[in-house]
Amino acid sequence: MAKAPRCLARTRAGTECQSPAVKGRQRCRMHGGTNPGAPSGNRNAHKHGGYSAKTKATARYLRDLARLLK
């Protein structure tokens, strides 16, 4: 345990963390060594087409049609 690689993340005191790193990682459990990281791909930027020009034109047409029928 004494010869295990150290985390070496910066602490709030400005020194390096001396906790042992998680096996296969470079950081300890307190500094993100057990976290697998962000998922691959950005699901929040998925293009759904809800604001495309075609969709907006269709909505405008339906709104005008409903206004005429009133």
Side-chain angles (χ1 to χ4, degrees):
M1 189 70 167
K3 292 188 178 189
R6 299 291 138 184
C7 172
L8 303 179
R10 287 269 173 223
T11 62
R12 290 189 289 180
T15 60
E16 294 175 336
C17 175
Q18 292 301 310
S19 297
V22 175
K23 186 178 180 182
R25 303 289 178 121
Q26 293 185 357
R27 297 289 181 242
C28 69
R29 62 189 176 86
M30 293 169 282
H31 290 113
T34 56
N35 188 345
S40 61
N42 186 356
R43 295 189 191 119
N44 295 329
H46 179 70
K47 301 280 191 268
H48 52 74
Y51 294 100
S52 67
K54 186 177 180 182
T55 305
K56 286 169 127 180
T58 304
R60 193 178 312 115
Y61 172 75
L62 291 174
R63 201 168 34 248
D64 292 342
L65 188 64
R67 194 174 293 139
L68 287 173
L69 293 175
K70 257 185 164 176

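What's counted below: heavy atoms across the whole structure, side chains too, no hydrogens, waters or symmetry copies. This chain uses plain numbering: 1 for the first residue, then up along the sequence.
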Just jot down the salt bridge (charged side-chain N to carboxylate O under 4.0 Å, His left out) partners of Arg63, sequence neighbours excluded, or say none.
none
Kindly determine whether His31 and Cys17 satisfy side chain to side chain contact (heavy atoms under 4.5 Å, CB included), including the steps that lead there.
CA-CA 9 Å; His31 290 113; Cys17 175; 3.5 Å; yes
Which pair of heavy atoms, one from Arg25 and one from Pro36, lies closest together, and at what distance?
NH2-CA, 4.1 Å
What distance do Leu8 atom CG and Gln26 atom CD have between them, rounded to the nearest 0.5 Å?
9.0 Å
side-chain contact (heavy atoms from CB on, under 4.5 Å) against Arg12, all qualifying residues, sequence neighbours excluded:
none
Interatomic distance, CD@Glu16 vs CZ@Arg10, rounded to 0.5 Å, equals 5.0 Å
Nearest 0.5 Å, please: how far is CZ in Arg67 from CG in Leu62?
12.0 Å
Should the heavy atoms of other residues, nucleotides or ligands under 6.0 Å from CZ of Arg29 be counted, would the total exceed 12?
no
State whether the side chain of Thr55 and the backbone N or O of Tyr51 hold a donor-acceptor pair below 3.5 Å, judged by distance alone.
no
Kindly indicate whether the side chain of Cys7, heavy atoms from C-beta on, has any atom under 4.5 Å from the side chain of Gln18.
no
